[in-house]
Amino acid sequence: MLTRVPRGTRDILPEEAAWWQLLEEKIRTTCKLFGYQEIRTPVFEHTELFTRSVGEVTDIVAKEMYTFTDRGDRQLTLRPEGTASVARAYLENNLQAKAQPVKLYYTGPMFRYDRPQAGRYRQFHQFGVEVFGSQDAAVDAEVILLALFFFSALGLKEFSLQVNSVGCPRCRGPYRGKLQEYLKEQLSGLCSDCAERYEKNPLRVLDCKKKSCQGLLAGVPLLTDSLCHECEEHFKAVCGALDELGVEYEINPRLVRGLDYYTKTAFEIISPALGAQSSICGGGRYDNLIATIGGPDIPGIGFAVGIERVLLALQKENVPAPAENATAVFVARAGVSSVQALQLTMELRRAGLPAETDFLGRSLKAQLKYADKKGIRYAVLLGAEELQKGQAAVRDMRDGTQQAVDLPGLADYLAAQLKEAE
RNA sequence: GUGGGUGUAGCUCAGUUGGUUAGAGCACCAGAUUGUGGCUCUGGGGGUCGUGGGUUCGAGUCCCAUCAUCCACCCCA
């Protein structure tokens, strides 16, 4: 073999593509139901967009971006996430001039240079929504409800919601100091990763998986206790809205989001069916993002769902595979040219019947075998004998019964049979 | 970037202390049925044993390297 797919990428073969189509359909219907409109942005952007919005010191920017220089010496990057691009498009196309708030959704491939593992790929796919222009806590609730609604619509059963508030620059700065002060005492007991996190991003120490570190965090000050008045009120309002709407959730004061632009609400939806990468949806509010990339002061909130992970979760939960939409009719031929058979096949197609025929000159037996394997319901036998009488034999592949039908009425006959079969 | 597991047919795997021409099931193709799928029977095609090097009279088997893949860490969807 000359070459293989690059590491961390994969082919989606027809069988699996049926799952993808199902997901894409649910995405569209759910978003329509909630009044969100689709936006499509390029898969690559100026590198600067991500370094500025996602944050220079985040892992995504520091070590996971697919960055390249094009022939015109431009620094470009394959998008590692969707929010920055949508925020850029919002600004660039003056969507603040449209009816507010602007509610958008997107799907598509994202790229991160990371070691592949269960539920993690270098090219992966996200479905996300973004709302610009409202600070109402009810919007936070709606966005969360949309995600939960989507998972339920897919037939997913086991998933749970965690929420937190990561504050804003006003309260996060002082809290960071308080946290570092506390951690300073424990520094000798923390793992090497946490020692590094202590310097670079102390909030991350909170959700370290090591028991030894968690043990040292018993009396750690929590951000939710140090929120400024505005953030605290907003967090209370979000929790209150979820309560009132009957949404089950857990407050996880150690939930930290990895991207710099998050403010206030942060949430995550987890599927226990998955391995270590159990997060199927992550999101939150980003009230300063638009301003960060040079726009006016417009608040926003959104989430991203990992399509591959949702697919894994559906399979782990044994959600039944979507029914294959098989071809309805196979035109088998005996002593008739493939072009003649194609002629009849086209007539059926023009009448709206999914149909195919043989191109391999196989025996009738082999043709029927093919039709059987592809789950085709009706085989039309076009043979010299029948053709003389102006007929074709229609074989119901389910019970093997056969019926001679006049060619002029064949499409109508098949259409009626198929309708009845429904 | 770090640690561990696994690489033999399209798929799942077997292959003895290193020993002739590397096997099975499923899948695929054909025949039994000269124009009829599924079930059965019979036959057939398909492998540089991941790759490169080493040890040996002899390597799928042992050693080293490398690549791929899986799982976990970091981080994230």
*Asks:* Can we say Asp396(A) and Arg377(A) salt-bridge, meaning some charged N sits less than 4.0 Å from an Asp/Glu carboxylate O?
*Replies:* yes
*Asks:* It should be established whether Lys365(A) places a side-chain nitrogen or oxygen under 4.0 Å from OP1 or OP2 of nucleotide U36(B).
*Replies:*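 Answer is no, no contact under 4.0 Å.
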*Asks:* Under 4.0 angstrom, heavy atoms only, what part of the nucleic acid is Ile280(A) near: base, sugar-phosphate, or nothing?
*Replies:*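 Sugar-phosphate: the residue Ile280(A), judged by heavy atoms under 4.0 Å, touches backbone atoms but no base.
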*Asks:* Are any of Lys373(A)'s side-chain N or O atoms less than 4.0 Å away from OP1 or OP2 of C29(B)?
*Replies:* yes
*Asks:* Remember a base hit wins even if backbone is also touched, and classify Ala371(A) as base, sugar-phosphate or nothing at under 4.0 Å, heavy atoms.
*Replies:* nothing
*Asks:* So Tyr370(A), base contact, sugar-phosphate only, or nothing? Heavy-atom distance under 4.0 Å.
*Replies:*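 Nothing: the residue Tyr370(A), judged by heavy atoms under 4.0 Å, touches no strand.
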*Asks:* What do you reckon, is CZ of Phe44(A) surrounded by more than 12 foreign heavy atoms closer than 6.0 Å?
*Replies:*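 At most 12 heavy atoms, drawn from other residues, nucleotides or ligands, come within 6.0 Å of this atom.
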*Asks:* Rounding to an integer number of Å, can you tell me how far Asp114(A) CG sits from C71(B) C1'?
*Replies:* 14 Å
*Asks:* Base, sugar-phosphate alone, or nothing: which one does Leu381(A) contact when heavy atoms must sit under 4.0 Å apart?
*Replies:*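 If one applies the 4.0 Å heavy-atom cut-off, Leu381(A) turns out to touch a base.
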*Asks:* Base, sugar-phosphate, or nothing: which does Gly335(A) touch, judged by heavy atoms less than 4.0 Å apart?
*Replies:*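 Contact class for Gly335(A): none.
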*Asks:* Gln402(A) near the nucleic acid: base, sugar-phosphate alone, or nothing, with a heavy-atom cut-off under 4.0 Å?
*Replies:*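 Result for Gln402(A) = base.
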*Asks:* Give me the distance, rounded to whole Å, that separates G23(B) from C49(B) when you measure between the P atoms they each carry.
*Replies:* 14 Å
*Asks:* In whole Å, I'd like the distance from the OH atom of Tyr121(A) to the P atom of C70(B).
*Replies:* 7 Å
*Asks:* Can you establish whether the number of heavy atoms outside Arg362(A) located under 6.0 Å from its atom CZ is more than 12?
*Replies:*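 Yes, enclosed.
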*Asks:* In terms of the nearest nucleotide of RNA chain B, which residue is placed more toward the 5' end: Tyr262(A) or Arg7(A)?
*Replies:*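 Nearest nucleotide further toward 5': that of Arg7(A).
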*Asks:* Can you tell me the distance, in whole Å, between the CZ atom of Arg120(A) and the C1' atom of G1(B)?
*Replies:*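 Atom-to-atom, Arg120(A) to G1(B), this comes out as 12 Å.
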*Asks:* When the distance from CD1 of Ile307(A) to P of C76(B) is rounded to whole Å, what number comes out?
*Replies:* 20 Å
*Asks:* Answer with base, sugar-phosphate or nothing: what part of the nucleic acid does Arg395(A) contact at a heavy-atom distance below 4.0 Å?
*Replies:* base
*Asks:* Measuring only the C1' atom in each nucleotide, how far is U42(B) from U55(B)? A whole number of Å is fine.
*Replies:*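 These two C1' atoms come out 47 Å apart once rounded.
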*Asks:* Under a 3.5 Å limit for both distances, which nucleotide forms a Watson-Crick or G-U wobble pair with G38(B), could you say?
*Replies:* none
*Asks:* Return whichever of Leu259(A) or Ser363(A) has its heavy-atom-nearest nucleotide of RNA chain B closer to the 5' end.
*Replies:* Ser363(A)
*Asks:* Could you encode protein contacts along nucleotides 39-46 of chain B as a string, one character per nucleotide from 5' to 3', using B for base contact, S for sugar-phosphate-only contact and - for no contact, with a heavy-atom cut-off of under 4.0 Å?
*Replies:* --------
*Asks:* How far, in whole Å, is U61(B) from A22(B) if one measures between their P atoms?
*Replies:*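 14 Å, rounded to whole Å.
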*Asks:* In whole Å, measure the gap between the C1' atoms of U21(B) and G58(B) for me.
*Replies:* 15 Å
*Asks:* When the C1' atoms of A65(B) and A72(B) are considered, how many whole Å apart are they?
*Replies:* 24 Å
*Asks:* Is the distance from OP1 or OP2 of A77(B) to the nearest side-chain N or O of Arg257(A) less than 4.0 Å?
*Replies:*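 It does, given that an N or O in the side chain of Arg257(A) lies less than 4.0 Å from OP1 or OP2 of A77(B).
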*Asks:* Write down the distance separating the P atoms in G53(B) and A59(B), rounded off to the nearest Å.
*Replies:* 13 Å
*Asks:* Taking the same atom, C1', in G52(B) and in A68(B), what whole-Å distance lies between them?
*Replies:*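 Taking atom C1' in both G52(B) and A68(B), they lie 15 Å apart.
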*Asks:* Could you check whether atom CZ of Arg10(A) has more than 12 heavy atoms from other residues, nucleotides or ligands sitting under 6.0 Å from it?
*Replies:*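 Above 12, so yes.
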*Asks:* Please confirm whether the backbone N or O of Ile27(A) pairs with a side-chain atom of Thr30(A), one donor and one acceptor, at under 3.5 Å?
*Replies:* no
*Asks:* Is Arg112(A) salt-bridged to Glu81(A), cutoff N-O under 4.0 Å?
*Replies:*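 Looking at Glu81(A) together with Arg112(A), the answer is no, because their closest N to O distance does not fall below 4.0 Å.
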*Asks:* Can you tell me the pairing partner of G3(B) across any strand shown, Watson-Crick or G-U wobble, with both distances under 3.5 angstrom?
*Replies:*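 G3(B) is paired with C71(B).
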*Asks:* Look at the side chain of Glu64(A) and the base of G1(B), then say whether one donor and one acceptor between them are separated by less than 3.5 Å.
*Replies:*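 A donor-acceptor contact between them is absent.
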*Asks:* In B/S/- notation, 5' to 3', how is nucleotides 3-11 of chain B contacted by protein heavy atoms closer than 4.0 Å?
*Replies:* B--------
*Asks:* Once you apply a heavy-atom cut-off of 4.0 Å, does Glu385(A) come out as touching a base, just sugar-phosphate, or nothing?
*Replies:*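 Base: the residue Glu385(A), judged by heavy atoms under 4.0 Å, touches a nucleobase.
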*Asks:* Tell me the interatomic distance from Gln117(A), atom CD, to C71(B), atom P, rounded to whole angstroms.
*Replies:*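 These atoms are roughly 7 Å apart.
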*Asks:* Mind checking Gly275(A) for me? I need base, sugar-phosphate or nothing, with any heavy atom below 4.0 Å counting as a touch.
*Replies:*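 Answer is sugar-phosphate: Gly275(A) comes under 4.0 Å of backbone atoms only.
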*Asks:* Can you see if the side chain of Gln277(A) gets near the phosphate of A77(B) - specifically, an N or O under 4.0 Å from OP1 or OP2?
*Replies:* no
*Asks:* In the strands shown, is G44(B) matched to any nucleotide by a Watson-Crick or G-U wobble pair with both distances under 3.5 Å, and which?
*Replies:* C28(B)
*Asks:* Taking only the P atom of each, what is the distance from A9(B) to U2(B) in whole angstrom?
*Replies:*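 Pairwise P distance, A9(B) against U2(B), rounds to 30 Å.
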*Asks:* Under 4.0 Å, heavy atoms only, any strand: does Glu268(A) hit a base, just the sugar-phosphate, or nothing?
*Replies:* nothing
*Asks:* Examine distances only and state if a side-chain atom of Tyr175(A) and a backbone atom of Pro221(A) form a donor-acceptor pair shorter than 3.5 Å.
*Replies:*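 Yes.
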*Asks:* Is there a side-chain contact between Arg362(A) and the phosphate of G37(B), meaning an N or O under 4.0 Å from OP1 or OP2?
*Replies:* no
*Asks:* Could you state the CG-C1' distance from Leu312(A) to C71(B), rounded to the nearest angstrom?
*Replies:* 13 Å
*Asks:* Using Watson-Crick or G-U wobble geometry with both distances under 3.5 Å, which nucleotide pairs with U66(B)?
*Replies:*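 Base partner found: G50(B).
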*Asks:* Take a 6.0 Å sphere around OH of Tyr182(A) and say whether it holds more than 12 heavy atoms from other residues, nucleotides or ligands.
*Replies:* yes
*Asks:* Looking at U33(B), which nucleotide sits across from it as a Watson-Crick or G-U wobble partner, both distances under 3.5 angstrom, or is there none?
*Replies:*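 Result: none.
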*Asks:* What class does the angle between the rings of Phe303(A) and Phe267(A) fall in, given that below 30° is parallel, 30 to 60° is tilted and above 60° is perpendicular?
*Replies:*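 Plane angle over 60°, so perpendicular.
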*Asks:* Around atom CD of Gln402(A), are there more than 12 heavy atoms of other residues, nucleotides or ligands at under 6.0 Å?
*Replies:* yes
*Asks:* Just how far is it from atom OG1 of Thr58(A) to atom CZ of Arg257(A), taken to the nearest 0.5 Å?
*Replies:*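 CZ of Arg257(A) is found 12.5 Å from OG1 of Thr58(A).
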*Asks:* So, does Glu308(A) use its side chain to make a donor-acceptor pair with the main chain of Arg120(A) at under 3.5 Å?
*Replies:* no
*Asks:* Distance check needed: A77(B) C1' versus Leu78(A) CG, whole Å only.
*Replies:*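 Computing the Leu78(A):CG to A77(B):C1' distance gives 17 Å.
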*Asks:* Check whether any side-chain nitrogen or oxygen of Arg333(A) sits under 4.0 Å from OP1 or OP2 of G35(B), and answer yes or no.
*Replies:* no
*Asks:* What pairs with Glu196(A) under salt bridge (charged side-chain N to carboxylate O under 4.0 Å, His left out), at least two apart in sequence or on another chain?
*Replies:* Lys200(A)
*Asks:* Please give, in whole Å, the distance from C29(B) P to Asp372(A) CG?
*Replies:*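 Going from CG in Asp372(A) over to P in C29(B) covers 12 Å.
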